[in-house]
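Written out below as structure tokens is the structure these notes cover.
In the text below, chain A, chain B and the rest are named by the order of the sequence lines, each starting its count at 1. All values below come from the heavy atoms of this structure, side chains included, with hydrogens, waters and symmetry mates left out.
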Amino acid sequence: MSGAHTKFDLQNRGLLEKMFEPPAVGKMAPVAKIVVYSFLAIWSLFVLFPIYWVIITSFKDAAAVNQGPSYFPFVDFQPTLDAWRINFTADPYCDMAAIARQLYLLAHNSVAFVLSPVVTIPPMEPQICKIYLAFTNSVVISIISTIFCVAVGSMAAYALARIQYRPKFGNIMIFVLLIVGVILATTYAGVPWWMSSAVALALFFFLARALGRHFKMSLGNGDILFWMISQRILPPIVVVVPLYVMFQAVRLLDTHLALILLYAVANLPIVVWLMHDFFANLPIELEESAQLDGATRFGIFWEIVMPLTRPGLAATTLLILVLNWNEYLFAVFLSTVKVQTMPIMVAAKNTGEKGVLWWEMCAVTVVMIIPVIIMAVLLTRFISKGVLLGAVKG
Amino acid sequence: MTDGNTKASVKFDAVQKSFGSVKVLEEFNLEVDPGEFLVLLGASGSGKTTALRILSGLETPSAGRVHIGERDVTEVLPKYRDISMVFQSYALYPHKTVAENIGFPLKVKKLPKAEMDAAILDAAKQVQLEALLDRYPRELSGGQRQRVALARAIIRRPSVFLMDEPLSNLDAKLRGHMRAELKHMQGTLGITTIYVTHDQIEAMTLAHRVAVLEKGVLQQLASPSEIYNNPANLFVAQFIGSPAMNVIHGSLEGASFQTNGAKVKTRVKGQIAKAVAGVRPEDCSVTDPKKGTISGQIYTTELIGDHTLVTVNWGNDQIVVKAHKDFDGKQGDAVGVVLPPENLYIFDETSGERIR
């Protein structure tokens with residue numbers, strides 16, 4: 001008798017029941033399917049339309065844009081290559097040779113910069129048109145800062161995932177106070193900065209050793225992680241002016257080094273946060289076993305940990321690369337001529353006297369989108385699943 | 001292969017370990033002879049794995065010293081201890097082939113390629129893996145993965161082998177098979193082996209000596225037969241044996257154990273208000289209700305194959321008796337149980353100590 005009312009006749013269901021019941025576990029009911037797929041279709045249109053719009057607009061001229069919206073080339077407007085010609089052929093030095101020359105210049109000038117304390121090598125002057133310069137800058141800056149950021153960040157994340165740090169709260173306070181002391185001594189008492197820093201450093205080691213034992217409160221890895229991510233809580237606009245002053249003080253304004261360093265530092269918290277999670281989820285026995293077998297910490301990191309976190313590393317790299325590629329705020333403040341990046345070129349098409357040159361802006365934007373798509377396709381190959389299969393358990 | 005095959009002794013000298021306020025090991029003393037197969041036996045949380053990890057160097061003791069051979073290794077990094085370890089989870093490198101997994105300890109030592117390949121083949125042959133060297137761990141069965149882990153451990157010929165429940169992820173049949181292979185391999189190589197398990201059958205079958213641990217304290221260290229026939233205390237008596245030893249609560253008065261209105265003669269004498277009598281199921285026998293030392297009703301019977309387990313209700317206690325496979329008593333039948341005095345173990349209930 002029990003459960004008679006739950007008896008279910010599979011064959012003689014009403015149409016309504018068939019529409020709302022999933023046909024099997026792990027499948028969707030017909031109605032749900034219709035709802036979900038129509039939503040996805042509308043969403044795709046919503047997402048893809050701007051890209052389509054950018055592409056067709058780059059083939060319009062001023063007249064076609066100002067006449068109001070037109071959607072189909074050859075149907076309601078006549079496509080032209082004007083916008084592309086103005087951007088990419090009008091200026092002198094707009095050719096591949098210029099890009100090669102620029103890359104050589106960057107290598108040459110950085111060697112000159114590194115060797116400048118020893119020998120003076122005169123830096124080369126760029127011979128390249130604006131858009132090609134911006135493109136080269138964007139590529140060089142985002143790739144180098146991404147590599148730097150991911151390398152440093154993942155090592156930090158690994159250390160935080162596997163080594164227990166217990167910094168004493170009191171020691172941190174001493175450190176902060178000494179830094180304040182250094183700043184005061186340097187600015188108001190006229191002590192040379194290297195002298196005050198050396199004294200402060202010596203004092204710190206002395207005080208930390210002498211008093212460190214007496215401090216009870218200490219922080220853990222969780223606090224360090226939070227401290228790192230908290231640096232992303234501030235909106236970047238808040239720190240932009242102090243950053244400008246800092247880079248001005250060290251005479252690095254309008255240099256590649258400034259943007260590379262800044263991008264790397266700004267994105268470091270994201271890398272540490274993301275990679276920490278991947279490392280923490282690796283079975284620790286793998287590393288312990290390698291340790292017993294005699295591998296060094298770096299050996300374990302490169303031979304065991306890195307290959308196993310490759311999907312996470314690829315995803316993180318892609319994210320940071322896109323963030324760097326699209327970065328506008330820091331670039332606009334810290335660059336004037338030599339290190340302008342692609343986002344600045346896009347924004348520059350919003351001119352004062354001639355209004356927004358939509359067709360030219362769109363041509364630049366298209367060029368800016370393409371590398372990101374290529375990177376995404378290349379890197380998703382690494383984001384494969386099941387790398388950990390067979391590591392542990394039977 | 002590279003190191004001289006030196007059997008090393010192992011010594012824990014008053015080792016303590018606590019995690020925060022939790023004491024995992026208290027004053028742990030243990031000496032393992034060179035070439036011995038020692039099993040650390042205990043329930044989960046008994047501190048057996050912690051002891052092993054302290055020996056491996058993956059954990060540092062809160063106090064006490066650890067010696068391998070003549071060397072005090074308490075502060076020595078794991079990689080300089082000349083030990084190898086098989087983990088419960090095998091810990092194979094999933095992105096490396098079987099050959100690369102087995103050869104990893106030698107690769108770290110930067111051995112020449114030819115020498116390494118020979119050693120890998122040799123180690124793989126010992127565990128019958130030579131046909132699978134190019135596979136990845138994900139393409140292997142549980143038992144094969146276990147063999148890879150073993151091969152990786154033996155390729156280096158360490159002075160001490162550590163095994164942390166290496167068989168617990170295998171199914172019952174394979175476990176029995178691997179147990180025999182492990183014992184044979186240890187016998188052939190003669191490397192000092194410390195083996196952690198919660199499975200008393202593994203402990204009994206594999207060990208030269210068994211160390212029973214509970215709550216971070218070493219309860220008894222003796223040969224398997226000694227542990228079985230002569231348990232030092234109530235915990236060891238109950239932990240070893242399947243089915244477990246019967247436990248009857250009562251009091252010891254003179255040379256008799258009194259409980260449930262019955263008197264049972266004992267070999268030992270004493271006056272203990274709260275005492276426990278233990279008797280192994282195979283030492284008891286079922287008989288006519290009037291002839292037995294005690295009498296009760298059958299609670300249930302289980303035919304195991306070569307014998308029948310009969311559970312008898314007696315007052316508030318239950319007694320399991322190993323009877324002949326043809327035993328045909330029914331549930332509720334009145335039966336007598338013979339408790340032979342010479343096989344009755346008496347323990348002090350409060351301290352758990354055996355009264356001898």
Take atom [atom1] in [X]; do more than 12 heavy atoms of anything else shown fall under 6.0 Å from it?
X        : atom1 : result
A/Phe204 : CZ    : yes
A/Arg297 : CZ    : no
B/Asp134 : CG    : no
A/Phe148 : CZ    : no
A/Phe205 : CZ    : no
B/His184 : NE2   : no

I would like to know whether B/Phe87 and A/Leu292 meet side-chain contact (heavy atoms from CB on, under 4.5 Å); could you show each step before the answer? CA-CA 11 Å; B/Phe87 289 79; A/Leu292 286 171; 4.1 Å; yes
Value for CG (B/Leu77) from OG1 (A/Thr296), rounded to nearest 0.5 Å, stands at 11.5 Å
Please tell me if the side chains of [X] and [Y] come closer than 4.5 Å, counting only heavy atoms from C-beta onward.
X        : Y        : answer
A/Ser289 : B/Arg152 : yes
A/Glu288 : B/Arg53  : yes
A/Ile304 : B/Lys96  : yes
B/Pro94  : A/Leu308 : yes
B/Tyr93  : A/Glu303 : no

Per-residue contact mode, B/Ile83 against chain A (heavy atom under 4.5 angstrom): both
Specify the closest pair of heavy atoms between [X] and [Y], including all atoms of both residues, with the distance to one decimal.
X        : Y        : answer
A/Gly294 : B/Val108 : O-CG1, 3.0 Å
B/Leu92  : A/Leu286 : O-CD2, 3.0 Å
A/Ala295 : B/Lys79  : O-CD, 4.0 Å

